[in-house]
Amino acid sequence: MSLFLAPTTGETLRAFHQQLMQWFDEHGRHDLPWKPQDHYTPAQNIYHIWLSEIMLQQTQVATVIPYFFNFIEQFPTINALADAEIERVLKAWEGLGYYARARNLHQGAQYVRDQFNGEIPCDFAAIESIKGIGRTTAAAIMSQGFNRPFAILDGNVKRVMARVTGAMHPEKQLEKVLLPFAYMMSSQARPNDYTQAVMDFGATVCTKQPKCTTCFWQARCITLQQQQVAMIPAKKIKAVKKDLELFPIIVENQRGELLFHQRTTETIWHNLYEFPHLSSHLLDIEEMMPNVTVIESISLPRFKHVLTHINFHIEPLWIKVTTDDPSITLNGQCYAFTPRAIYETYAKTKPTNDLLDAIHG
DNA sequence: AACTCGGGGCG
DNA sequence: CGCCCAGAGTT
């Protein structure tokens, strides 16, 4: 049995496309900074679209814009990015989240430098072979960068297409069901503008709580007519979150240097910097750090840090000590005292930055 | 197919 | 406080 509210005809999709493009010309976002510009080379414009697509994964436009400007200033070309140190790339990404994106982007730039002479080719399969680029981002580069008819199905497009077609399918089936419709839409006129148009429409009109009274399609929207707007697209099944406690220890010596180290775990916050932390409360300071004299021990307020799948409950301890040692062994691991000017140049986790604000503010 | 990866904004 | 945002890699 069909999960569509009603069958969708080709005429319906063509009419929607026509009106969408008219809407875009008048109301679309035409000033996004990664839009191709004449004072950049064609290769740079493609690079900008690539970069923006990566930054925009699960991240809103307003958040991305300042990061984008900073990034292209530091890394103006793909080859410049490829030749840069990963530490600099992560620093430019600091606070944006999903740090695997930065590592994949850096690896991708080296791949493009070595395999494609520093220029992204107009080849969907080749683009998709670049680290960090999946079907959606590859299609976005093909359509927006090269003006080729490739369909994207990101969150915005899925929401728009689900409502236009009245697809009630659950999240997993939805993408497969909508892909043929998405391709049909993209294969009409102005592929690059269409891609931007449908995303702008999804981001500004056909939102989660859509502005149907201003919508050009309200008279023909099957989802609106049958009052299913709140039900389409179907909600995602919420993942169960874990609660984890974290006990960071901020050890500050008489010169104001802090114990600081780079994460090496393969899981979260890979390659980023943080304070040493324990999995339980620090019981005996003198026992854990024999060669230091504790001047002051301050419990900072506990706070929460939320990730997609983890709630961190953080109970920080700030210990001011005197010692002649340049490093401290804690739980069998060696941590070095680091001057403020140094650690501020490295990309840190969000809780670490919050703690730095707390002790310096 | 399910799970993992951040952080910000908004109602 | 819950949900979503221009998703992709791993298992």
Side-chain angles (χ1 to χ4, degrees), chain A residues 28-29 32-35 48-68 90 93-105 107-108 127-145 150-161 170-176 182 186 192 194-204 206-210 230 233-244 263 265-272 274 304-312 347-354:
Chain A
R29 297 178 291 190
L32 295 175
W34 39 88
K35 190 180 170 72
H48 291 173
I49 290 170
W50 174 24
L51 173 63
S52 72
E53 289 298 328
I54 301 302
M55 286 187 165
L56 286 161
Q57 287 169 9
Q58 305 297 297
T59 310
Q60 294 182 357
V61 170
T63 304
V64 162
I65 287 177
Y67 281 89
F68 176 82
L90 284 169
W93 210 268
E94 182 182 76
L96 201 52
Y98 284 113
Y99 299 94
R101 294 184 296 176
R103 297 192 301 274
N104 289 337
L105 181 67
Q107 292 176 30
I127 292 174
E128 202 180 14
S129 74
I130 299 170
K131 197 85 167 171
I133 298 182
R135 187 176 50 73
T136 296
T137 301
I141 293 172
M142 288 298 288
S143 64
Q144 297 194 269
F150 280 80
I152 64 165
L153 257 188
D154 59 15
N156 282 320
V157 182
K158 264 191 277 191
R159 190 171 52 252
V160 172
M161 297 304 294
E171 174 64 26
K172 272 303 162 193
Q173 294 178 42
L174 191 60
E175 195 165 317
K176 191 192 302 181
S186 70
N192 53 354
Y194 165 73
T195 297
Q196 190 62 50
V198 66
M199 288 192 291
D200 287 0
F201 180 66
T204 63
C206 201
T207 50
K208 188 175 68 168
Q209 294 183 349
K235 291 176 171 48
K236 285 183 182 175
I237 301 169
K238 57 182 175 183
V240 180
K241 276 193 181 184
K242 289 180 184 174
D243 288 276
L244 292 179
R263 293 179 63 90
T265 76
E266 291 297 330
T267 57
I268 192 176
W269 293 318
H270 181 53
N271 283 358
L272 269 58
E274 66 176 4
K304 198 160 88 169
H305 183 71
V306 179
L307 305 185
T308 308
H309 56 298
I310 301 173
N311 290 323
F312 280 114
K348 299 168 288 293
T349 73
K350 176 63 163 56
T352 301
N353 268 328
D354 288 348

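Note: hydrogens, waters and symmetry copies are ignored here, and every other heavy atom, side chains too, is used. Convention: sequence-line order gives letters A, B, ...; per-chain numbering from 1.
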Novice: Does the pair Glu94(A)/Lys350(A) count as a salt bridge with the N-to-O cut at 4.0 Å?
Specialist: no
Novice: With sequence neighbours left out, write down each residue that passes ring pair (Phe, Tyr, Trp, His ring centres under 6.0 Å) with Phe312(A), or none if nothing qualifies.
Specialist: Trp269(A)
Novice: Would you kindly give the NZ-to-C1' distance between Lys350(A) and dG6(B), to the nearest whole Å?
Specialist: 10 Å
Novice: Quick one: Met55(A) CE to dG6(B) P, roughly how many Å, whole number?
Specialist: 15 Å
Novice: If you pin Val240(A) and Lys348(A) to their nearest nucleotides in DNA chain B, which one's is more 5'?
Specialist: Val240(A)
Novice: In whole Å, measure the gap between the P atoms of dG6(B) and dT11(C) for me.
Specialist: 16 Å
Novice: Just to confirm, is there a sub-4.0 Å distance from OP1 or OP2 of dT4(B) to any side-chain nitrogen or oxygen of His309(A)?
Specialist: no
Novice: For nucleotides 2-11 of chain C, just jot down a letter per nucleotide in 5' to 3' order: B, S or -, based on protein non-hydrogen atoms under 4.0 Å.
Specialist: --SBBBSSS-
Novice: Are Tyr99(A) and Leu272(A) side-chain neighbours, meaning at least one heavy-atom pair lies under 4.5 Å?
Specialist: yes
Novice: If I take atom CG in residue Asp354(A) and atom C1' in nucleotide dG6(B), what distance separates them, rounded to the nearest angstrom?
Specialist: 12 Å
Novice: For nucleotides dA6(C) and dC10(B), find the distance between their P atoms and express it as a whole number of Å.
Specialist: 13 Å
Novice: What about Tyr67(A) and Trp93(A), are their ring centers closer than 6.0 Å?
Specialist: no
Novice: Go through the side-chain N and O atoms of Arg29(A) and Thr204(A) and say whether any donor and acceptor fall under 3.5 Å apart.
Specialist: no
Novice: Give me each pair satisfying salt bridge (Lys or Arg N to Asp or Glu O under 4.0 Å) with a member in residues 53-63 of chain A, each pair once, sequence neighbours excluded.
Specialist: none
Novice: Rounded to the Å, how far apart are Asp243(A) CG and dC1(C) P?
Specialist: 11 Å
Novice: Give the nucleotide from the list dA2(B), dC5(B), dG6(B) with an atom nearest to the side chain of Lys172(A).
Specialist: dA2(B)
Novice: Is His305(A) near enough to dG7(B) that one of its side-chain N or O atoms lies under 4.0 angstrom from OP1 or OP2?
Specialist: yes
Novice: Of Gln209(A) and Ile268(A), whose nearest nucleotide on DNA chain B comes first from the 5' end?
Specialist: Ile268(A)
Novice: Looking at every non-hydrogen atom in both residues, tell me the closest pair between Ala139(A) and Ala151(A) and how far apart they are.
Specialist: CB-O, 3.2 Å
